[in-house]
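The structure appears right after this line, and notes come after that.
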Amino acid sequence: MIPLTTALTRLALALVLGAIIGIEREWRHKTAGIKTNTLVALGAATFALLSNTFGDINHNPAQIAAAVVTGIGFIGAGVIIHRGATVQGVTTAATLWANASMGVAVGLGQFNVGATLFAAIIVTQFTMRTIGTWIDAVRREGRMSRVELCVECEHEAVRAIDEAWSRFAREAHATTMRRSISRGDLLWTRRTTFIVPSNLPLDVTPLEEQLAAIDGVHSIEVRFLGYQEAPDAVM
């Protein structure tokens with residue numbers, strides 16, 4: 001049986017370290033913040049403590065750790081969100097997974113391992129984002145953002161839409177890759193696929209406001225289609 005003071009010390013340490021890890025997620029307004037990370041660390045540490053409760057005969061920390069990992073899998077899946085073609089929450093799920101392993105280490109009394117893991121998590125969260133941003137900026141050099149503009153309108157509005165698009169293209173350094181018009185019984189659909197340098201900020205709000213002010217425009221949709229290598233020459 002683990003002494004009460006030892007159990008309380010380990011749980012308190014897991015609480016503090018888990019809360020500190022959760023502060024970073026809370027600061028970035030993530031789904032699993034300070035409360036979730038604190039509870040994960042406490043729960044993992046408690047399960048690790050329970051592995052020592054029944055004496056040497058039933059002492060099996062590996063089995064307890066495996067159960068913790070399984071449980072964290074369900075929690076991690078719950079914070080991963082699909083938004084269209086993007087997936088969000090993977091970093092938060094990985095943080096919970098690493099946090100749980102830190103809790104197990106603290107619960108088992110492996111303070112050196114727990115402290116090292118805690119430091120590694122903090123360093124990763126606060127430095128790797130900057131490194132990732134730098135890598136992404138380097139990768140964007142020479143790449144183009146591909147965007148599609150779709151406008152449903154009455155046929156009388158097409159000329160005004162073309163004029164608004166031409167002004168926007170000059171200001172945004174946009175190059176038209178493809179343009180089509182579909183004529184329906186009541187409305188026409190004008191689609192334009194264009195590319196812009198990905199290292200330049202793209203704000204289509206002015207264009208949307210200009211298009212919305214044109215009589216006969218019924219709907220406006222702008223979609224990001226991904227990146228492509230910059231062409232040497234666009235016809």
Side-chain angles (χ1 to χ4, degrees), residues 1-140:
M1 179 70 71
I2 297 178
L4 178 59
T5 55
T6 301
L8 292 177
T9 300
R10 294 181 185 181
L11 290 176
L13 182 58
L15 184 150
V16 172
L17 298 183
I20 294 174
I21 292 173
I23 288 174
E24 187 272 339
R25 295 285 88 187
E26 191 82 28
W27 182 32
R28 301 189 190 279
H29 305 286
K30 299 301 181 180
T31 305
I34 184 171
K35 291 187 293 184
T36 303
N37 279 277
T38 301
L39 291 173
V40 165
L42 280 173
T46 301
F47 280 118
L49 285 168
L50 289 174
S51 68
N52 286 326
T53 301
F54 305 103
D56 296 335
I57 297 178
N58 294 316
H59 180 71
N60 191 351
Q63 187 175 11
I64 296 294
V68 171
V69 172
T70 302
I72 290 300
F74 286 100
I75 299 176
V79 301
I80 297 176
I81 303 173
H82 289 265
R83 295 183 186 274
T86 62
V87 179
Q88 299 179 354
V90 177
T91 300
T92 300
T95 302
L96 291 173
W97 180 65
N99 190 18
S101 63
M102 182 204 67
V104 171
V106 172
L108 291 173
Q110 300 292 328
F111 298 124
N112 291 336
V113 175
T116 302
L117 182 55
F118 166 75
I121 294 173
I122 294 299
V123 170
T124 299
Q125 295 288 45
F126 283 99
T127 63
M128 294 303 175
R129 177 179 294 269
T130 302
I131 296 174
T133 302
W134 176 78
I135 293 174
D136 187 60
V138 172
R139 289 178 58 198
R140 287 187 180 185

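Here, residue 1 is the first one in the sequence, and each next residue gets the next number. A quick note: this is a predicted structure, and the numbers were derived from the prediction, not measured.
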Quick check for you: to the nearest 0.5 Å, what is the distance between Asn37 atom CG and Leu42 atom CG?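 Going from the CG atom of Asn37 to the CG atom of Leu42 covers 11.0 Å.
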Mind checking the CG-CG spacing from Leu8 to Leu15? Nearest 0.5 Å is all I need.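 CG of Leu15 is found 11.5 Å from CG of Leu8.
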Least distance between heavy atoms, [X] atom then [Y] atom:
X	Y	value
Ala41	Ala14	CB-O, 3.4 Å
Leu96	Val40	O-CG1, 3.7 Å
Ala44	Ala100	CB-O, 3.2 Å
Thr9	Thr5	OG1-O, 2.7 Å
Ala98	Ile121	CB-CD1, 3.7 Å
Ala45	Leu11	CB-CD2, 4.1 Å

side-chain contact (heavy atoms from CB on, under 4.5 Å) against Leu39, all qualifying residues, sequence neighbours excluded: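 Per chain and number, Leu39 pairs via side-chain contact (heavy atoms from CB on, under 4.5 Å) with no residue.
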Who pairs with Val16 by side-chain contact (heavy atoms from CB on, under 4.5 Å), at least two apart in sequence or on another chain?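 Counting only residues at least two positions away or on another chain, Val16 forms a side-chain contact (heavy atoms from CB on, under 4.5 Å) with Ile20.
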Please tabulate, for the side chains in residues 103-115, all donor-acceptor contacts under 3.5 angstrom to protein atoms that are two or more places apart in sequence or on a different chain.
none

Carefully, step by step, assess Met102 and Asn99 under the rule side chain to side chain contact (heavy atoms under 4.5 Å, CB included). CA-CA 5 Å; Met102 182 204 67; Asn99 190 18; 3.3 Å; yes
